[in-house]
Amino acid sequence: MSRDERPSLFLTRREVTTMSYSQVQPERMQSRLDSLTGLRFVAALFVFFFHASLTKIIGFNPYADETVVSVFQRLFSVGGWVGVSFFFVLSGFVVTWSARPGDPATAFWRRRIAKIYPNHAVAWLLALLVFSGPVTALSAAIPNLLLIHSWIPDINIFLGMNGPSWSLCCELFFYLSFPFLFRLVERISPSKLWFWAVAMVAGLALTQIAVARFVPGEPQIAEYPISLEQWWVAYFLPPLRLFEFVLGMLMARILKAGLWPRIPMAVASAIMLGGYIAAGLVPFQFSLNLATIAPIAILITALADRDTRGESSIFAGRTFVKLGEISFGFYMIHLIVMTAVTILLAGQHFTFFTATVIVATTLLASILAGWCLFTFVEQPAMKRWSRPAAIRREVQAT
């Protein structure tokens, strides 16, 4: 894969940079959205630290000092929710930004499946071999392998095997729906784009309120102040995550149509920080995505606008972009690495220095494993299967 084909979390670089709306100036149409690629790693990093902070579910946190544990958890208690929501909004933004006129739905689906499934299949096999095999029933393993497990309201299924893979169920649902959603979004007149963007946020708010009101709230699970049924509907059920994906689609159209007000990065970052803080203060269910959906959309669009104008950003630097390239693999494998380390630690806790070394080593091992997935699975799979056989033969013949 060439430098111009660096991937977004679930998308290739080529799709990130192909644009089709006449409102965008030609020189901006060829800009690479490197900042979004780099920021993907930061989002994946927050998911990592969120999982590392969990003592009840993952059991990884190696710090013996309860004060340190409390601060760690307070800092990253919503990091996982924010990171996943970022990926969903980003996916909607990028596939719309890069939409190709006349591109068949089957070609789009082929690229997306070639992008996400090989990494998932390898991570599934690793999870089975490393720690899940003896304790995972086929009723959990098979739905996970087929990426339908997030549709099943059983925590041993939708969080079974490799936990982060539940989000791929949502992504697969988004991608299958995209050709149809895109036609609807394309028909929205520019004057109504902001109305529909606000409507997505309002729709998510009304949906979360409805879940809180009408889905049974008892018994609550041990880890969070919410019932298992509410948690599944509000967070894991793919159709209810469409608000984030469609909002990303609308923000891409808003930017392309020249309707973005050029919010400075300092302001967009402050709004994102405010949303992150607010997510830690609002009732738990509203921290899952409602408190941060608008700040995430603003940050993504502001960064994309900055990139298309040729303005530099820390996330567009070579290091961040390289890390962003492997972030999908890092995201898919980090919990497997973390769980393996948890097994090795056998419940032991350590001084601040030793525990920090363990966390840092686990992070570096996860990044290395993510690089391996990207280099030896993701790139070869995209090269082999993202294009029809006839086109591959034609390219090989030239």
Side-chain angles (χ1 to χ4, degrees), residues 7-10 36-63 68-88 90 116 119-120 122-124 126-127 130-131 159 161-168 170-171 223 235 272-273 276 279-280 287-289 292 296 299 315 319-345 350 352 354-374 378:
S8 180
L9 181 68
F10 302 104
L36 296 186
T37 300
L39 191 59
R40 273 179 32 249
F41 176 73
V42 178
L45 198 61
F46 269 83
V47 176
F48 173 89
F49 283 118
F50 166 74
H51 285 145
S53 73
L54 299 178
T55 56
K56 294 181 179 179
I57 299 177
I58 308 300
F60 170 77
N61 197 320
Y63 292 96
V68 174
V69 172
S70 177
V71 171
F72 194 5
Q73 291 179 331
R74 193 175 300 116
L75 285 173
F76 297 104
S77 62
V78 298
W81 322 136
V82 173
V84 171
S85 188
F86 172 87
F87 295 142
F88 289 168
L90 178 65
I116 68 173
N119 272 359
H120 164 65
V122 171
W124 180 90
L126 286 174
V130 173
F131 53 83
L159 281 181
M161 298 292 294
N162 184 27
S165 65
W166 74 266
S167 65
L168 295 192
C170 297
E171 290 287 351
E223 295 80 8
Y235 190 68
M272 185 67 250
L273 178 61
Y276 190 90
S287 74
L288 297 174
N289 52 11
T292 55
I296 287 170
L299 181 62
F315 301 114
T319 300
F320 268 109
V321 170
K322 287 293 185 182
L323 290 170
E325 289 179 345
I326 67 170
S327 60
F328 178 36
F330 168 58
Y331 172 80
M332 287 301 300
I333 206 166
H334 78 275
L335 192 56
I336 296 174
V337 175
M338 192 178 296
T339 304
V341 173
T342 302
I343 294 172
L344 290 175
L345 294 179
F350 305 89
F352 177 83
T354 302
T356 300
V357 170
I358 291 171
V359 172
T361 302
T362 304
L363 173 60
L364 292 175
S366 299
I367 292 173
L368 177 60
W371 175 83
C372 290
L373 277 182
F374 173 72
E378 187 177 326

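No donor-acceptor pair closer than 3.5 Å links the side chain of Glu378 to the backbone N or O of Leu373. Judged by distance alone, the side chain of Ser85 and the main-chain N or O of Val82 form no donor-acceptor pair under 3.5 Å.
Using a 4.5 Å heavy-atom cutoff, the side chains of His51 and Phe60 are not in contact. Looking only at side-chain heavy atoms (C-beta outward), Leu75 and Val71 come within less than 4.5 Å of each other. Looking at heavy atoms from C-beta onward, Leu363 lies in side-chain contact with Leu45 at the 4.5 angstrom threshold. Within the 4.5 Å cutoff, side-chain heavy atoms of Thr292 are placed close to those of Met272. For the pair Leu168 and Phe328, the minimum side-chain heavy-atom distance is below 4.5 Å. Annotation: side chain of Lys322 is not in contact with side chain of Ile326 (no heavy-atom distance under 4.5 Å). Between Phe88 and Cys170 there is a side-chain heavy-atom pair separated by less than 4.5 Å. In this structure the side chain of Phe76 never reaches within 4.5 angstrom of the side chain of Phe48, judged on heavy atoms.
Distance CG/Asn119 to OG/Ser165: 12.0 Å, rounded to 0.5 Å. To the nearest 0.5 Å, atom CZ of residue Phe320 and atom CD of residue Glu325 are 14.0 Å apart. Annotation: the span from Leu54 atom CG to Glu223 atom CD amounts to 9.0 Å, rounded to 0.5 Å. Put simply, OH on Tyr276 and CD1 on Ile296 are 11.0 Å apart, with the number rounded to the nearest 0.5 Å. Residue His334 holds its NE2 atom at 12.0 Å from OG of Ser327, rounded to the nearest 0.5 Å. Considering CH2 of Trp81 and CZ of Phe50, their distance stands at 3.5 Å, rounded to 0.5 Å.
Across all their heavy atoms, Ile333 and Gly370 have their closest contact at CG2-N, 3.8 Å. Across Gly59 and Thr342, no two heavy atoms sit closer than the pair O-CG2, 3.4 Å. Closest of all the heavy-atom pairs between Ala43 and Phe86 is CB-CD2, 3.5 Å. Nearest heavy atoms, Ile367 versus Phe330: N-CD1, 3.8 Å. Contact record, Gln73 with Ser53: NE2-O, 2.9 Å, taken as the closest heavy-atom pair. When every heavy atom of Val47 is checked against every heavy atom of Val84, the shortest pair comes out as CG2-N, 4.3 Å.
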Subject >> CA sep, side-chain torsions, deciding dist, call: Leu335, Ile58, side chain to side chain contact (heavy atoms under 4.5 Å, CB included) >> reply: CA-CA 9 Å; Leu335 192 56; Ile58 308 300; 3.7 Å; yes

Original post:
Taking it one step at a time, do Leu90 and Leu39 satisfy side chain to side chain contact (heavy atoms under 4.5 Å, CB included)?
Top reply: CA-CA 10 Å; Leu90 178 65; Leu39 191 59; over 6 Å; no

Original post:
How far apart are the C-alpha atoms of Leu323 and Thr319, what are their side-chain angles, what is the distance that settles it, and do they pass the side chain to side chain contact (heavy atoms under 4.5 Å, CB included) test?
Top reply: CA-CA 6 Å; Leu323 290 170; Thr319 300; 4.1 Å; yes

Original post:
Does the pair Tyr63 and Val359 meet the rule for a side chain to side chain contact (heavy atoms under 4.5 Å, CB included), with working shown?
Top reply: CA-CA 10 Å; Tyr63 292 96; Val359 172; 4.1 Å; yes

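None of Thr37, Val42, Leu36 except one satisfies the side chain to side chain contact (heavy atoms under 4.5 Å, CB included) rule with Arg40; the exception is Thr37.
In this structure, Phe87 has its ring center closer than 6.0 angstrom to the ring center of Tyr331.
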